[in-house]
Number of protein chains: 2
Amino acid sequence: MLTKATEFDTELKELADQAKALSHPARLTILRFLAAQDTCICGEIVEALPLAQATVSRHLKVLLEAGLIDVTQRGTSSCYCVAPDAVGKLHLRLRGFFNEVEEGGRTAAC
Amino acid sequence: MLTKATEFDTELKELADQAKALSHPARLTILRFLAAQDTCICGEIVEALPLAQATVSRHLKVLLEAGLIDVTQRGTSSCYCVAPDAVGKLHLRLRGFFNEVEEGGRTAAC
DNA sequence: GTACTTAATCGAATTTATACGATACAACGA
DNA sequence: TCGTTGTATCGTATAAATTCGATTAAGTAC
């Protein structure tokens, strides 16, 4: 019937937003780094990345806003870590999306 | 030892690029739509999205460049479909990344 | 208190993404 | 051949993302 949609599906909008949080190598590097470290002090993250401190801080903020990491203060230091629940949830969501796409893909007509 | 990296890991750069292809609801909608349809004519995609034809065409180009869809010409029509291999590979890659992050997350110190 | 360290934020520059109307272009039908 | 249809691309406007130096603010050490 080809009716024009007036907006996007909410679920897909949310998934797109979280995918955006993963769409920069700095942020992927941060997530992997935090997962590999016992400690997770901001300064160490800055040292591990080829970016200025201000820029790293901004990437950390993006990850925080996406809920994928948490932060706690230790004196003047900020201690970041992976938020396992949110990461697990995103993983699940992505798996669901991919399963949907891969299922259909097998029967595509072109 | 806190050595400053001079650039990002190539694997993570590529993953970030593909995540970027997934970071817009229009593109997720297109992928899901193509997976659900037998036919996959451009015009039908345009009708399914709340966007102008030119904009949809651009999103399709992004997905093509990411390798996630293929296109074949049928007369004046363009017939798009999911590229199952590339999608499967991305799915695998993402699973690998998430497993890495979730593994470490369980032992995080903060 | 003063000096130092750590990290967030501001300000500003640059780049990239998103969007759409208009146009071009190729295939098709009359 | 001529108009129509389906898509890609161009031009352009706007918004968002990325980056970094400079500054601020808050804790620590003396």
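In the text below, chain A, chain B and the rest are named by the order of the sequence lines, each starting its count at 1.
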Contact summary for [X] and [Y], nearest pair of heavy atoms:
| X | Y | answer |
| --- | --- | --- |
| A/Leu68 | A/Ala21 | CD1-CB, 4.2 Å |
| A/Ile69 | A/Leu64 | O-CD2, 3.3 Å |
| A/Ala35 | A/Val82 | N-CG2, 4.0 Å |

Interatomic distance, A/Leu51 atom CG to B/Glu7 atom CD [nearest 0.5 angstrom]:
12.0 Å
State, yes or no, whether a side-chain contact exists between [X] and [Y] at a heavy-atom distance under 4.5 Å.
| X | Y | value |
| --- | --- | --- |
| B/Tyr80 | B/Ile45 | yes |
| A/Leu22 | A/Leu90 | yes |
| B/Ser78 | B/Gln73 | yes |
| B/Cys40 | B/Leu34 | yes |
| B/Asp9 | A/Thr29 | no |
| B/Phe8 | A/Leu49 | yes |

Tell me which donor-acceptor pairs under 3.5 Å the side chains of residues 52-61 of chain B have, and how far apart each pair is, sequence neighbours excluded?
| residue | atom | partner | partner atom | Å |
| --- | --- | --- | --- | --- |
| B/His59 | ND1 | B/Arg27 | NH1 | 3.0 |

Under 4.0 Å from any atom of DNA chain D, heavy atoms only: list the residues of residues 54-67 of chain A that qualify, in numerical order.
A/Ala54, A/Thr55, A/Arg58, A/His59
Note: contacts of residues 16-33 of chain B with DNA chain D (heavy atom, under 4.0 Å) are none
Boundaries of the DNA chain C segment in contact with chain B, non-hydrogen, under 4.0 Å:
C/dA17 to C/dC28
Could you check whether B/Gln53 gets within reach of a base, just the sugar-phosphate, or nothing at all, counting any heavy atom under 4.0 Å?
base
Does NZ in A/Lys13 sit with more than 12 non-hydrogen atoms of other residues, nucleotides or ligands closer than 6.0 Å?
yes
For residues 91-99 of chain B, run the donor-acceptor check on the side chains, cut-off 3.5 Å, and write out each pair with its distance to 0.1 Å, sequence neighbours left out.
| residue | atom | partner | partner atom | Å |
| --- | --- | --- | --- | --- |
| B/His91 | ND1 | A/Glu102 | OE1 | 2.7 |
| B/His91 | NE2 | B/Arg95 | NH1 | 3.3 |
| B/Arg93 | NE | B/Glu11 | OE2 | 3.1 |
| B/Arg93 | NH1 | B/Gln18 | OE1 | 2.9 |
| B/Arg93 | NH2 | B/Glu11 | OE1 | 3.3 |
| B/Arg93 | NH2 | B/Glu14 | OE1 | 2.4 |
| B/Asn99 | ND2 | B/Arg95 | O | 3.2 |

Base-pair string, DNA chain C, Watson-Crick plus G-U, cut-off 3.5 Å on both distances, | for inter-strand, is ||||||||||||||||||||||||||||||
Want to settle it: does A/Gln73 or A/Phe8 sit nearer the 5' end of DNA chain C, counting the closest nucleotide to each?
A/Gln73
